[in-house]
Amino acid sequence: QVQLVQSGGGEVQPGGSLRLSCKASGFTFSSKGMKWYRQVPGKEREFVATISAHEDFVRVADSVKGRFSISRDNIQSTVYLQMNSLKPEDTATYYCGIWGEDENWGQGTQVTVSS
């Protein structure tokens, strides 16, 4: 079955950096676009970034443009979210998922940006 196992995250000061990883299994990773979303309590899950199967299309949310980047390694079946210049408003639980699907998500990774 589809599994998305996240790692990374944690607590960082404003201006710091973190990298999230999402290791996929149970499907042909190299044929699927992938996505990152984030959620804070009481709010809907928010789009962060997406990358196509062969990296020819990448889109990031305006709120993180220029600070976050998404990448993937189709050999390792892993998608990454590099987060730089983090702000307190980036504090959220981050989830990876398969683009075009809402059934499968990673377990969630907490990112806290605080001084």
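Numbering of residues begins at 1 and proceeds along the displayed sequence.
To the nearest 0.5 Å, atom OG of residue Ser7 and atom CG of residue Leu20 are 8.0 Å apart. In this structure, the separation between CG on Leu4 and CD1 on Ile98 is 5.5 Å, given to the nearest 0.5 Å.
Closest of all the heavy-atom pairs between Val60 and Ala49 is CG1-CB, 3.7 Å. Minimum heavy-atom separation, Ile70 to Met34: CD1-O, 4.2 Å.
Among residues at least two apart or in separate chains, disulfide bond (SG atoms under 2.5 Å apart) pairs with a member in residues 10-59 are Cys22-Cys96. Each salt bridge (Lys or Arg N to Asp or Glu O under 4.0 Å) pair with one or both residues in residues 49-64, not counting sequence neighbours, appears once here: Asp62-Lys65. Sequence neighbours left out, the pairs with a member in residues 91-103 that pass side chain to side chain donor-acceptor pair (under 3.5 Å) are Lys32-Glu101, Lys35-Asp102, Arg38-Tyr94, Thr93-Gln110. Sorted by first then second residue, the ring-ring contact (aromatic ring centres under 6.0 Å, His included) pairs that include residues 26-52, not counting sequence neighbours, are Tyr37-Phe47, Tyr37-Trp105.
Residues Val64 and Val48 meet the side-chain proximity criterion, which asks for heavy atoms closer than 4.5 Å.
Thr28 is linked by a side-chain contact (heavy atoms from CB on, under 4.5 Å) to Ser30, Ser31, counting only residues two or more places apart in sequence or in another chain. Not counting sequence neighbours, Phe57 has no partner by the ring pair (Phe, Tyr, Trp, His ring centres under 6.0 Å) test. Residues passing the side-chain contact (heavy atoms from CB on, under 4.5 Å) test with Ser114, sequence neighbours excluded: Glu11, Thr112. For Arg67, the side-chain hydrogen bond (donor to acceptor under 3.5 Å, both in side chains) partners at least two apart in sequence or on another chain are Asp90. Residues that satisfy the side-chain contact (heavy atoms from CB on, under 4.5 Å) test with Thr78, not counting sequence neighbours, are Ser21, Lys23, Gln76, Tyr80. Considering only residues two or more places apart in sequence or on other chains, Ser25 meets the side-chain contact (heavy atoms from CB on, under 4.5 Å) condition with Gln3. Not counting sequence neighbours, Lys87 has no partner by the salt bridge (Lys or Arg N to Asp or Glu O under 4.0 Å) test.
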| request: Determine, step by step, whether Leu81 and Arg19 satisfy the side-chain contact (heavy atoms from CB on, under 4.5 Å) criterion, reporting the C-alpha distance in whole Å, the side-chain angles of both residues, the deciding distance to 0.1 Å, and the verdict. | output: CA-CA 6 Å; Leu81 184 68; Arg19 188 175 83 155; over 6 Å; no
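Looking only at distances, no side-chain donor or acceptor of Asn104 sits under 3.5 Å from a matching main-chain atom of Gly97.
Val40 shares a hydrophobic cluster with no other residue; no ILVMFWY side chain has heavy atoms under 4.5 Å from its own.
Remark: the Ser69 side chain and the Gln82 side chain contain no N/O donor-acceptor pair separated by less than 3.5 Å.
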